[in-house]
Protein chains: 2
Amino acid sequence: MAYTRRLANLATWQLSEAAARAHRILREYLDGENANGYEYRVLAALGDLGQISQVDLGRATGLDRSDITHTVRKLEARRFVSRESDPRDARRSLVELTEAGRRMLVRLDKVIQLVQDEVFMPITDAEITVLLGLLRRLS
Amino acid sequence: MAYTRRLANLATWQLSEAAARAHRILREYLDGENANGYEYRVLAALGDLGQISQVDLGRATGLDRSDITHTVRKLEARRFVSRESDPRDARRSLVELTEAGRRMLVRLDKVIQLVQDEVFMPITDAEITVLLGLLRRLS
DNA sequence: GTGATATCATTGGTGATACCAACATACTAA
DNA sequence: TTAGTATGTTGGTATCACCAATGATATCAC
């Protein structure tokens with residue numbers, strides 16, 4: 001990368017370059033499974049938390065409610081999730097994984113693991129620990 | 001942030017969270033100067049490299065040619081850059097900063113420095129050095 | 001109980017970032 | 001000279017992040 005000095009010297013630039021590489025690799029792998037980042041986030045949260053409302057899904061994934069709506073509807077069309085109205089609060093729609101959704105999540109989890117391996121290949125496990133400690137303090 | 005376990009445990013997630021925070025801060029500060037990331041990158045490259053072609057601008061900034069076209073035209077409309085045809089190669093358009101562009105870059109450079117300070121406030125200079133070393137190896 | 005307030009899902013946006021393909025023009029190399 | 005290449009432009013697409021308005025529903029204050 002022959003980036004110009006002003007950019008290459010910025011710490012935020014280097015941070016965003018590393019994240020961009022990780023993101024490119026993630027996108028590439030997810031694309032191979034016909035998924036995107038929003039979809040993985042939603043499936044992952046449902047895998048962890050079971051049947052939950054869309055608001056809770058938003059909190060668990062960091063997605064805006066409107067993006068949750070869109071993503072959940074796409075996943076529903078592909079039969080990866082099902083929805084029902086919450087009997088105790090008609091405003092809420094409760095979302096959960098279908099069997100196909102669970103299988104998809106298993107596949108995506110594996111793929112995501114490959115992404116981790118590829119992204120962090122250049123550094124050792126001990127270095128990853130150091131890195132994550134610093135990143136966490138930045139977040 | 002109460003992200004779900006599957007996401008919070010991903011190293012790539014933590015990397016992208018830290019980068020996202022940096023990006024939010026950058027956006028906020030640039031917005032205050034009526035600029036965006038593409039515009040700063042182009043101005044910064046022109047500040048470093050002087051009069052250069054759009055292809056070279058793309059290489060120096062990591063931007064696609066089409067995005068360079070768009071960004072340079074916007075900067076030209078605001079009189080921050082000027083363009084002329086390369087007398088030695090009529091395909092090329094040579095771009096350079098105007099006086100107003102130079103002043104804008106000075107302002108943006110200062111703002112970008114504030115962004116660095118705010119983003120990396122939570123860790124020490126020595127830790128920044130460690131972090132950048134690891135990030136560079138990941139890129 | 002009722003009126004004000006808040007919450008939830010939805011709809012319909014915006015802007016930034018990162019790409020891609022096709023094209024006309026202009027140059028280069030065989 | 002001709003085939004191929006480089007450059008800038010145009011006109012897209014996808015992803016990600018975010019915002020405002022709205023109707024339906026719940027909850028709170030009284």
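Nothing here was measured: the structure is a model prediction, and the numbers come from that model.
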Correct closest heavy-atom pair for Ala45(A) and Thr61(A) would be CB-CG2, 3.7 Å
base_contact_polar (dC16(D) base, Asp67(A) side chain, donor-acceptor, <3.5 Å)
no
Leu63(A) CG to dT10(C) P, in whole Å, measures 14 Å
Whole-Å distance, Asp89(B) CG to dT28(C) C1', equals 10 Å
- prompt: With sugar-phosphate meaning primed atoms plus P, OP1 and OP2, does Asp64(B) contact a base, only sugar-phosphate, or nothing at under 4.0 Å between heavy atoms?
  reply: base
Is the phosphate of dT9(D) approached by Arg83(B) (side-chain N or O, under 4.0 Å from OP1 or OP2)? yes
Are the charged groups of Arg73(B) and Glu76(B) less than 4.0 angstrom apart, N to O? no
Quiz item: Under 4.0 Å: is that the gap between some side-chain N or O of Arg91(A) and OP1 or OP2 of dT7(C)?
Solution: no
NE2 (His70(A)) and CG (Leu63(A)) are apart, to the nearest 0.5 Å, by 12.0 Å
With distance as the sole criterion, do the side chain of Asn36(A) and the base of dC16(D) form a donor-acceptor contact below 3.5 Å? no
Remember a base hit wins even if backbone is also touched, and classify Gly37(A) as base, sugar-phosphate or nothing at under 4.0 Å, heavy atoms.
sugar-phosphate
Return no unless some side-chain N or O of Arg73(A) is found under 4.0 Å from OP1 or OP2 of dT10(C). yes
Q) Regarding Thr12(A) and Gln116(B), is there a side-chain donor-to-acceptor distance under 3.5 Å anywhere? A) yes
From NE2 of His70(A) across to C1' of dG13(C) the rounded distance in Å is 13 Å
note: Ile68(B), atom CD1; dT9(D), atom P; distance rounded to Å ~ 11 Å
Does dT17(C) have its OP1 or OP2 closer than 4.0 Å to a side-chain nitrogen or oxygen of His23(A)?
no
Which part of the nucleic acid, if any, lies within reach of Arg41(A) when heavy atoms closer than 4.0 Å are counted: base, sugar-phosphate only, or nothing?
-> sugar-phosphate
Give a yes/no on whether any side-chain N or O of Arg24(A) is located under 4.0 angstrom from OP1 or OP2 of dC19(C). yes
Looking at dA6(D), I'd like to know if its phosphate oxygens (OP1 or OP2) sit under 4.0 Å from a side-chain N or O belonging to Gln54(B).
no
### Query
How would you label the contact of Thr69(A) with the nucleic acid (heavy atoms, under 4.0 Å): base, sugar-phosphate, or nothing?
base
With a 4.0 Å cutoff (strictly under), does any side-chain N or O of Arg59(A) reach OP1 or OP2 of dT7(C)?
no
Walking DNA chain D from its 5' end, the first of Arg88(A) and Leu30(A) to be reached, judged by nearest nucleotide, is Leu30(A)
When rounded to whole Å, the CD to C1' distance for the pair Glu76(B) and dT9(D) reads 13 Å
Separation of dA14(D) atom P from Asn34(A) atom CG, nearest Å, is 13 Å
| Heavy-atom donor-acceptor pair, Ser66(A) side-chain to dC19(D) base, under 3.5 Å | yes
Rounded to whole Å, the CG-P distance (Asp86(A) to dA26(D)) equals 9 Å
By nearest-nucleotide position on DNA chain C, the 5'-leaning member of Leu94(A) and Ala20(A) is Leu94(A)
Closest non-hydrogen contact found for Val72(B) with Val81(B) is O-CG2, 3.8 Å
note: Asp31(B), atom CG; dT14(C), atom P; distance rounded to Å ~ 17 Å
| What is the nucleic acid contact for Ser53(B), judged by heavy atoms within less than 4.0 Å: base, sugar-phosphate only, or nothing? | sugar-phosphate
Assign each of Glu39(A) and Ala90(A) the nucleotide of DNA chain D bearing its closest heavy atom; nearer the 5' end lies the nucleotide of Glu39(A)
I'd like to know if Arg137(B) and Glu127(A) make a salt bridge, using a cut-off of under 4.0 Å between side-chain N and carboxylate O. yes
>> With a cut-off of less than 4.0 Å, is there a side-chain N or O of Arg65(A) near OP1 or OP2 of dA21(D)?
In response: no
Is Arg92(B) near enough to dT9(D) that one of its side-chain N or O atoms lies under 4.0 angstrom from OP1 or OP2?
-> no
The single option from Glu96(A), Gln54(A), Gln51(A) that satisfies side-chain hydrogen bond (donor to acceptor under 3.5 Å, both in side chains) with Arg83(A) is Gln54(A)
